[in-house]
Amino acid sequence: MEAIAKAHTNIALIKYWGKRDETLFLPMNSSLSITLDRFYTTTAVQFCSCLNKDVFLLNGQIASEAETMKIVAFLDHVRNIAGKNMYAIVNSVNKVPTAAGFASSASGFAALAAAATKAIGMDTDNKTLSQIARQGSGSACRSIYGGYVEWQKGEEVDGSDSFAKPISDKQDWNLSVLSCLVASNEKKVLSREGMKRTVETSPFYKGWLDTVEKDLVQAKRAIAERDFEMLGTVVEANALKMHATTLGANPPFMYWQSATLEVMEHVQQLRTSGIEAYFTIDAGPNVKVICHQKDEQAVLEHLATLPSVQNVYLCHPGPGISYLPDTATEN
Ligand code: ADP
Ligand code: DP6
Ligand code: CO
């Protein structure tokens, strides 16, 4: 009863920020992302009646109690659906920095959902898999699919209509995403805690909710019309709004560092000099820059010269989940 699955991270163009139900991971708003080819997680799951507890290995190390608890809760959910009672060994390798704003929770729980359901003997379609992955980490529901993906928030209290699906238009739009590493350490405020605190205490959260669905409509229209300026403008504004909500929280917090601002300013300068590039930032200090493929080398060279940028990873739209033969351990 073993299976190995691979899932790629995704970068949110329109952010998921806030839950209306924390147990079921139901979001306050719909969101939109690009799955990335460059970053991924490979997870092996083996269920065995020989085990007396779940074991979670992350990057070759036994994970902490707190980290393991999240995996146990997720596996309990899978065991419940499958009607089986066995413990598992989960062996996961992140080819992405963990908990640094590069969406390791998205690739991590998408890979775990795919591997665990297969290992336990379920034959799961992608819609169901997206709903299961959602209950490990919200953003993971989008990493089931490749390309441009929308997570519709849904209306039902049981979450039955809250899952991701590829947007129908322009999946072949091969934009470039340059992921700039300015800090690889784990964030102090995990996404889960950050969005919860913001929903509960930030007076700016209402402003987020009042405008985010309109941003999503505009981003989808921009993709359908291949209007890069329209897309970049709404993507950048949406990211700034999300981060603004954290400043109003109690206690307040921010994911940016001075290096974050340096990259943001540089991207705006690139635009002044005639290169179309826009930034977005998830819950962390690292900046992702989107541009046309024809400009990617020029943008990369500019960003790589900044003293505060440790590395620039060139990414493109990547694939959805896949399964690996049982004998493989990573890649
Ligand atoms: P990120 O920006 O990396 O998504 P989050 O704060 O959203 O950061 O989530 C980090 C958490 O995601 C980790 O503390 C861990 O619980 C979970 N996570 C990261 N990688 C994996 C993985 N490979 N398998 C399962 N869970 C993972
Ligand atoms: C800012 O999906 O990591 O990256 O559902 O609590 O696990 P949990 O949070 P997570 O939040 C992602 C927040 C974001 C925006 C996004 O990816 O849409
Ligand atoms: Co995350």
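Indexing begins at 1, ligand by ligand and atom by atom, following the structure's order.
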Out of [options], who gets a non-hydrogen atom closest to [atom]?
{"atom": "atom 25 (C) of ligand 1", "options": "Ile71, Val93, Leu112", "value": "Ile71"}
{"atom": "atom 16 (O) of ligand 1", "options": "Glu67, Glu186, Lys95", "value": "Glu67"}
{"atom": "atom 5 (P) of ligand 1", "options": "Lys187, Met195, Arg192", "value": "Lys187"}

Atoms of ligand 2 close to [X] [distance to a heavy atom under 4.0 angstrom, numbered from 1]:
{"X": "Ser139", "answer": "2 (O), 3 (O), 10 (P), 17 (O)"}
{"X": "Met242", "answer": "1 (C)"}
{"X": "Ala12", "answer": "16 (C), 17 (O), 18 (O)"}

Could you check whether [X] makes a cation-pi contact with [Y], meaning its NZ or CZ is under 6.0 Å from the centre of the six-membered ring and within 45° of the ring axis?
{"X": "Lys6", "Y": "Tyr40", "answer": "yes"}
{"X": "Arg197", "Y": "Phe253", "answer": "yes"}
{"X": "Lys220", "Y": "Tyr148", "answer": "no"}

With backbone taken as N, CA, C and O and side chain as the heavy atoms from C-beta onward, which portion of Phe25 lies under 4.0 Å from ligand 2: side chain, backbone, both, or neither?
-> side chain
So which bit of Arg142 gets within less than 4.0 Å of ligand 2, heavy atoms only: side chain, backbone, both or neither?
-> side chain
Taking the six-membered ring for Trp, are Phe228 and His292 parallel (under 30°), tilted (30 to 60°) or perpendicular (over 60°)?
-> tilted
Contact check, [X] vs ligand 2, heavy-atom distance below 4.0 Å:
{"X": "Lys19", "value": "yes"}
{"X": "Lys196", "value": "no"}
{"X": "Ala283", "value": "yes"}

With heavy atoms under 4.0 Å as the rule, classify the contact between [X] and ligand 1 as side chain, backbone, both or neither.
{"X": "Thr41", "answer": "side chain"}
{"X": "Phe102", "answer": "backbone"}
{"X": "Thr43", "answer": "neither"}
{"X": "Ser139", "answer": "neither"}

What protein atoms of element N, O or S are positioned under 2.8 Å from the Co ion (ligand 3)?
-> Ser105 OG
Which residue and non-hydrogen atom of the protein lie closest to [atom], and at what distance in Å?
{"atom": "atom 9 (O) of ligand 2", "result": "Met195 CE, 3.5 Å"}
{"atom": "atom 7 (O) of ligand 2", "result": "Ser137 OG, 2.7 Å"}
{"atom": "atom 20 (N) of ligand 1", "result": "Asn94 ND2, 3.0 Å"}
{"atom": "atom 22 (C) of ligand 1", "result": "Gly108 CA, 3.5 Å"}
{"atom": "atom 4 (O) of ligand 2", "result": "Asp282 CG, 3.2 Å"}
{"atom": "atom 9 (O) of ligand 1", "result": "Ser105 CB, 3.4 Å"}
{"atom": "atom 3 (O) of ligand 1", "result": "Ser104 OG, 2.6 Å"}
{"atom": "atom 26 (N) of ligand 1", "result": "Phe109 CE1, 3.5 Å"}
{"atom": "atom 13 (C) of ligand 2", "result": "Tyr16 O, 3.5 Å"}

Tell me, please: is Gly284 in heavy-atom contact with ligand 1, that is, under 4.0 Å?
-> no
Lys165 atom NZ, neighbour heavy-atom count above 12 within 6.0 Å | no
Atoms of ligand 1, numbered as shown, that sit under 4.0 Å from any heavy atom of Leu58 | 22 (C), 23 (N)
If we number the atoms of ligand 1 from 1 as shown, the ones under 4.0 Å from a heavy atom of Leu190 are 6 (O)
Counting only nitrogen or oxygen atoms and a 3.5 angstrom limit, does [X] reach ligand 1?
{"X": "Ser191", "value": "yes"}
{"X": "Gly101", "value": "yes"}
{"X": "Ser92", "value": "yes"}
{"X": "Ala99", "value": "yes"}

For ligand 2, is there an N or O atom under 3.5 Å from any N or O atom of [X]?
{"X": "Ser105", "answer": "yes"}
{"X": "Ile14", "answer": "no"}
{"X": "Arg192", "answer": "yes"}
{"X": "Lys15", "answer": "no"}

Side-chain donor-acceptor contact under 3.5 Å, [X] with [Y]:
{"X": "Lys187", "Y": "Ser191", "answer": "yes"}
{"X": "Glu296", "Y": "His316", "answer": "yes"}
{"X": "Trp151", "Y": "Ser30", "answer": "no"}
{"X": "Arg142", "Y": "Thr35", "answer": "no"}

Verify, without hydrogens or angle tests, whether [X] (side chain) and [Y] (backbone) share a donor-acceptor contact under 3.5 angstrom.
{"X": "Ser162", "Y": "Lys153", "value": "yes"}
{"X": "Asn286", "Y": "Ala183", "value": "yes"}
{"X": "Asp161", "Y": "Glu155", "value": "yes"}
{"X": "His243", "Y": "Asp282", "value": "yes"}

Joining Ile, Leu, Val, Met, Phe, Trp and Tyr whenever any side-chain heavy atoms lie under 4.5 Å apart, the cluster holding Phe109 also takes in Met1, Val45, Phe47, Phe56, Leu58, Ile71, Phe74, Leu75, Val78, Ile81, Met86, Val90, Leu112, Ile120, Met122, Ile132
Matching residue for Tyr16 among Pro27, Ser33, Ser137, Cys141 - test: side chain to side chain contact (heavy atoms under 4.5 Å, CB included) | Pro27
Please determine which of Met242, Glu236, Lys15 meets the side chain to side chain contact (heavy atoms under 4.5 Å, CB included) test together with Thr280.
-> Lys15
Identify the heavy atoms of [X] and [Y] that sit nearest to each other, and give their distance.
{"X": "Val189", "Y": "Tyr255", "result": "O-OH, 2.9 Å"}
{"X": "Ser104", "Y": "Asn94", "result": "CB-ND2, 3.9 Å"}
{"X": "Asp21", "Y": "Val157", "result": "OD2-O, 4.4 Å"}
{"X": "Ala3", "Y": "Ala115", "result": "CB-O, 3.5 Å"}
{"X": "Ala106", "Y": "Ala140", "result": "O-CB, 3.4 Å"}

Please assess Asp169 against Arg221 for the test salt bridge (charged side-chain N to carboxylate O under 4.0 Å, His left out), listing each intermediate value before the final yes or no.
-> CA-CA 9 Å; Asp169 291 308; Arg221 201 178 112 209; over 6 Å; no
Partner of Ser92 under side chain to side chain donor-acceptor pair (under 3.5 Å), chosen from Asn59, Thr98, Thr43 | Thr43
